[in-house]
Number of protein chains: 2
Amino acid sequence: MSDPHHVPARPRRSDATRAAILAAARERFAVDGYERATVRSVAAQAGIDPSMVMRYFGSKEGLFAAAVDVDLHIPEPGEIPRERLGEALVQHFLDLWEQDTVLVTLLRVGVTHRAGAERMREVFRRQLVPAAERFGRDPADAPRRAMLVASQVLGMALLRYVLRFGPAAEMPREDVVAWLAPTVERYITAPDARGVGDAP
Amino acid sequence: MSDPHHVPARPRRSDATRAAILAAARERFAVDGYERATVRSVAAQAGIDPSMVMRYFGSKEGLFAAAVDVDLHIPEPGEIPRERLGEALVQHFLDLWEQDTVLVTLLRVGVTHRAGAERMREVFRRQLVPAAERFGRDPADAPRRAMLVASQVLGMALLRYVLRFGPAAEMPREDVVAWLAPTVERYITAPDARGVGDAP
DNA sequence: ATTGTAGGCCAACATCTGTTGACGTCGCGG
DNA sequence: CCGCGACGTCAACAGATGTTGGCCTACAAT
């Protein structure tokens, strides 16, 4: 959408194919993880020859890098009533995980592959930490708070969307929000680990 | 230690080799995940021939099953002062993750491989849920509460021990305990999602 | 109409994978 | 002392994988 690396560049005749490859890659990576998602399986699902994947994306790693493009799109503090901060954030994260397979892909690959782990760190550093800076009072604390929020949200996503544990997958969405919201809110706003936000 | 499947069975001459293979397998699986941990790399690290792995464990899956043997060893309610329940549990889980690579292995493999995911579900069902039954009031709620605790603990372990995110890996252990303890305690003891345990 | 070029496929490569079977060798019970 | 079974190695298999280069086709500019 707004990648500064590509000059606008008039549409190539192969854009449809590229898109098909990327869509297939996202699904294969999400379902199979990095190692078991083969270039051949991606190509087959996209209905083209494996060598096209190499031509357009250079290598399997290049394909992964191109396929996983995450924008957490975290709302601004102004858009959320301060009372419902935790609730709104948890809702937002659940939306992200459900509307798309890209986060499942990122987590699956991040756990086993260097490139995936690096990409996760990047998303964390460039999107979550800045967001935490906007929400919290002390910017120096932002990485810690962002990390705490990520730990809870990623843990739930792991059980619910990746591993599909019974109790996690079946719990109604509103219950998930109700349970996690106070946790997330405390991680962002509590003055310290002990406080709950309304102590003297 | 107390596996009811094996008859005591007099020590075989190959026990040292078996143990070496298992130790090597645990490390390879922990570091590389299931797919990239090859039978050959395990054998090389154990200093023996790849075919020995097959002879003793049947297949790569058999090796994995034999290598990953988790006992969470969750304390009994009586052993913990009720005030410090969250703290004691978080301490215990951090111990588990740090003393051994087996949980790292389980998480790494669980995310990409069916057998690993199934093993995780088994640990959850046979160890975490029963523990939650012992700690909580309403046994019917145990799976939900165990799942919530697991989500927070696994999320933190993911960032701290598997991905080794800076802020998660560097945070002093006592701070991790301080932040997570209230969360875990609430998941176990709060009467419902909204309550914090001391509301009217 | 011709031609250059980008899009696409086919076949092959070198390598690595899990797995198997044949072949030695050591140690212990008879 | 002998023989048999457990222990271990070697070599090879069949299949899959990432990747490469050659070749054909069809479009677009001249």
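Chain letters run A, B, ... following the sequence lines, proteins first and then strands; every chain starts at 1.
Contact annotation: B:T17 side-chain N/O to D:dG8 OP1/OP2 distance is under 4.0 Å. Checking the phosphate oxygens (OP1, OP2) of C:dT20, no side-chain nitrogen or oxygen of B:S51 falls inside 4.0 Å.
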Test side-chain contact (heavy atoms from CB on, under 4.5 Å) on B:M120 and B:V123 and set out the steps.
-> CA-CA 5 Å; B:M120 281 189 78; B:V123 171; 5.8 Å; no
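B:F57 comes within 4.0 angstrom of no nucleic acid atom, judged by non-hydrogen atoms across all strands.
You'll find the side chain of B:Q127 stays beyond 4.5 Å of the side chain of B:H73, heavy atoms only.
One interatomic measurement links the two molecules: CG of B:L63 to C1' of C:dT19, which rounds to 14 Å at whole-angstrom precision. Separating the CE atom of B:M54 from the C1' atom of C:dT17 is a distance of 11 Å, rounded to the nearest angstrom. Between the C1' atom of D:dG18 and the CZ atom of A:R36 lies a distance of 18 Å, rounded to the nearest Å. In this entry the distance linking CZ of A:R40 with P of D:dT20 reads 13 Å, nearest Å. As rounded to whole Å, 12 Å separates atom P of D:dA6 from atom CZ of B:R18. Remark: P of D:dC24 and CG of A:D49 are 16 Å apart, rounded to the nearest angstrom. If you measure from atom CD of B:E61 to atom C1' of C:dT17, you get 15 Å, rounded to the nearest angstrom. Between A:M52 atom CE and D:dC23 atom C1' the separation is 14 Å, expressed in whole Å.
In terms of position along DNA chain D, the nucleotide closest to B:G47 lies nearer the 5' end than the nucleotide closest to the other residue of the pair B:G47 and A:P50. Residue A:I48 is the one, among B:K60 and A:I48, whose nearest nucleotide of DNA chain C lies closer to the 5' end (criterion: closest heavy atom).
Ring geometry for A:F64 against A:F29 counts as perpendicular: the plane angle is over 60°, on a 0 to 90° scale with 30° as the lower cut.
No more than 12 heavy atoms of other residues, nucleotides or ligands sit less than 6.0 Å from atom CD of A:E83.
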